[in-house]
2 protein chains.
Amino acid sequence: MQQSIKLSVDAVVFGYESETISVLLIRRKYDPFKGKWAIPGGFVLDSESLEEAVERELKEETGIKINYLEQLYTFGNPERDPRNRVVSVAYFGLIKPSAFKLAASTDAEEAQWFTINKLPELSFDHAEILKLAITRLQAKITYEPIGFELLDTKFPFSDLEKLYAAVLGREIDRRNFRKKMLGLNVLDELDEKVSKGSGRPANLFMFNKNRYFKLKKEGIIFEI
Amino acid sequence: MQQSIKLSVDAVVFGYESETISVLLIRRKYDPFKGKWAIPGGFVLDSESLEEAVERELKEETGIKINYLEQLYTFGNPERDPRNRVVSVAYFGLIKPSAFKLAASTDAEEAQWFTINKLPELSFDHAEILKLAITRLQAKITYEPIGFELLDTKFPFSDLEKLYAAVLGREIDRRNFRKKMLGLNVLDELDEKVSKGSGRPANLFMFNKNRYFKLKKEGIIFEI
DNA sequence: ATATATTAGCGTAAAATATACGCATTGTAT
DNA sequence: ATACAATGCGTATATTTTACGCTAATATAT
C-alpha cells in the first residue's frame, strides 16, 4: 500500500484576561496562506507522540508553555489543504495569564491574541476548528473543572464567576453560582484578601486538585 | 520534511440484541496479531475522507452498512503498532438488528459479535479504544437520541427501556423513564400493537427525527 | 467626617425536576 | 375461570434549581 497522507497537529489555545476569552493565532510565514492568520500547528515527527508534537510546535511558534491540553477532533477532508493531503489532529488548550504576557512579547508580529468575537479571516479549515473548540470549551467547563487552568493559582471568587460568564456568553447569578461552586468542595478558601479598586475586598480561593480527584473517584461529579 | 507515518481508521460497532450490547470484532488474517481478534479497520486511501474509509473497511471486512457513525478519538502513541508508526482515527458506530443477521452470516469465521462483558483478548491498543467507546456510548445516549439507531424503526416502549438499562448497566424505573422519554416529545405512538409471549400487548413507537431537529433548533435538549 | 457607590457574601422562599412507589389494565397460559 | 405477566397511568415526597432580598466591607466623592 502506498499512502502519501501527511499528518499534522493544530492547537486552539484559549486565554482569559480582562473578562474576555482570547485565542492565540500565528501569521503564516510560508505558502499556502502565506501572511494569513492560522491556528498554531505543524507536522508530526515520526518518533513523537501527538501531544509531544503539539507542545513542540507551540513552543516553536509562540513560546508558550501549555497548562491544559486535550484532543479536540481530527480533520480529514481530502480538500482541506489545497496542495497535499493533510490530516490534522486538532487539540484545544488553556493557559494562565502569567504565561500570557510571555507569549505576546516573544514575537508580536507572528503570534497574537484575538478576542473570540473579533477574529480575522483564517487559513485552511481553521475557522471550523476554532468554532468546534469554542463549543467544546463551553460544554466542558460545565462538567470538568478546567476553568481554573485559565485563572491564577489564587483568585477571588468573582474572577471565577466572570470567567464562566465570559465563556458561556451569558449572565450568571452570583449567589447561586457561589453556592453551587462552593458546594462542590473543591475550593480552598485562603486567609488572604485582595482589594482591586472600590468595594469590599475579596477572599482568595484555590482549586484543590487532590480533593477533586478524590471526589471524582467516589463518583461525585463536578457540574455547574 | 520526510514523514513515514501511516494513517488508519478503526470502527467500534455496537449492536443490541436480546437485552445485551455487543461489539463487532474481526479475526486478523495477517501479521501483526495474525489470528487474533481486533476492531475492524484499515488504512485510509489518499483520495477518500476518513468517514468514507471507515465505511469502506466495514463493508469489506464485515459486510455491514452502518446506521450511525461518529468520530471517537485519534490514537497516536508511537508504540501502538509494533512494526510501523500507525496513527489511527477511531470511530464508533451503531447498527440496527436488521443489519445484524446480515453481518453474522457473511463470514462467521472472520466477523463475530461479542457481548461487551465477554470480550476476547484484543490486538494493538484495541482494548483501550473499546473501553473509551463504551464510556462514550454510555455518556452520549443520555444527551443525544442515538439509542434509536440500535432498535428497529418501530419498537415497543419496553425495548427502549431495556436498551437503556443494558447500555448504562443499571436498572431503570420503568414509569419514570417513560414519563421522561415521552415528555421529550420525539416519539410518535402508533396504532399498532405487538404481543410477545405473555402479558399485555404493547403499543409501538417510532422516533420522529424531524421533530427532534426542530426542538433542538429551539434550544430544547434531549436528556435522559 | 459623612454620605454614597461598589463589590463581596449569606440566606430564604418558590418553582421545577427527579425519585419512589401503588395500582388498574389488557392480554396470554393453564 | 383463574393465575400470571407485562403495559400503562397517577400521586406523594425529596431534591435541585431559580429568583431575589439583605447585610458587610471598603473606596471615593462631597
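Lettering of chains follows the sequences in order, A, B, ..., and the numbering in each one begins at 1. Remember, predicted model here, so these are calculated numbers, not experimental data.
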Drop me the distance from [X]'s [atom1] to [Y]'s [atom2], to the nearest 0.5 angstrom.
X	Y	atom1	atom2	result
A:Phe114	A:Trp37	CZ	CH2	4.0 Å
A:Leu94	A:Asn67	CG	CG	7.5 Å
A:Phe14	A:Tyr68	CZ	OH	12.0 Å
A:Tyr164	A:Asp159	OH	CG	13.0 Å

Both A:Ser195 and B:Ala202 contact DNA chain D. Which one's nearest nucleotide lies toward the 5' end?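 It is B:Ala202 whose nearest nucleotide is closer to the 5' end.
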Could you tell me how far apart B:Arg178 (CZ) and D:dC9 (C1') are, to the nearest whole angstrom?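 Going from CZ in B:Arg178 over to C1' in D:dC9 covers 9 Å.
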To the nearest angstrom, the CE-P distance between B:Met181 and D:dG8 comes to 14 Å
Aromatic ring pairing A:Phe207/A:Tyr212, orientation class (parallel under 30°, perpendicular over 60°, tilted between): tilted
Just wondering, do A:Tyr73 and B:Thr74 contact through their side chains at under 4.5 Å, heavy atoms?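 A side-chain contact is absent here, since even the closest heavy-atom pair is not under 4.5 Å.
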NZ or CZ of B:Arg136 within 45° of B:Phe92 ring axis and under 6.0 Å: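 Pair B:Arg136/B:Phe92 does not count as cation-pi.
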Ignoring hydrogens and geometry beyond distance, is a side-chain donor-acceptor pair present between A:Glu57 and A:Tyr91 at under 3.5 Å? no
Distance-only side-chain donor-acceptor flag, A:Asn77 / B:Ser49, under 3.5 Å: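 No - no donor-acceptor pair under 3.5 Å links their side chains.
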Output one letter per nucleotide in nucleotides 12-23 of chain D: B when a protein non-hydrogen atom lies under 4.0 Å from the base, S when only the sugar-phosphate is that close, - when neither is. -----SBBBB--
Contacts to DNA chain C from residues 137-157 of chain B, heavy-atom cutoff under 4.0 Å, which residues? none
Going 5' to 3' along DNA chain C, which nucleotides are the first and last within contact of chain B (any atom under 4.0 Å from a heavy atom)?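 The contact span of chain B on DNA chain C goes from C:dA18 to C:dT28.
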Aromatic ring centroids of A:Phe33 and A:Phe124 under 6.0 Å? yes
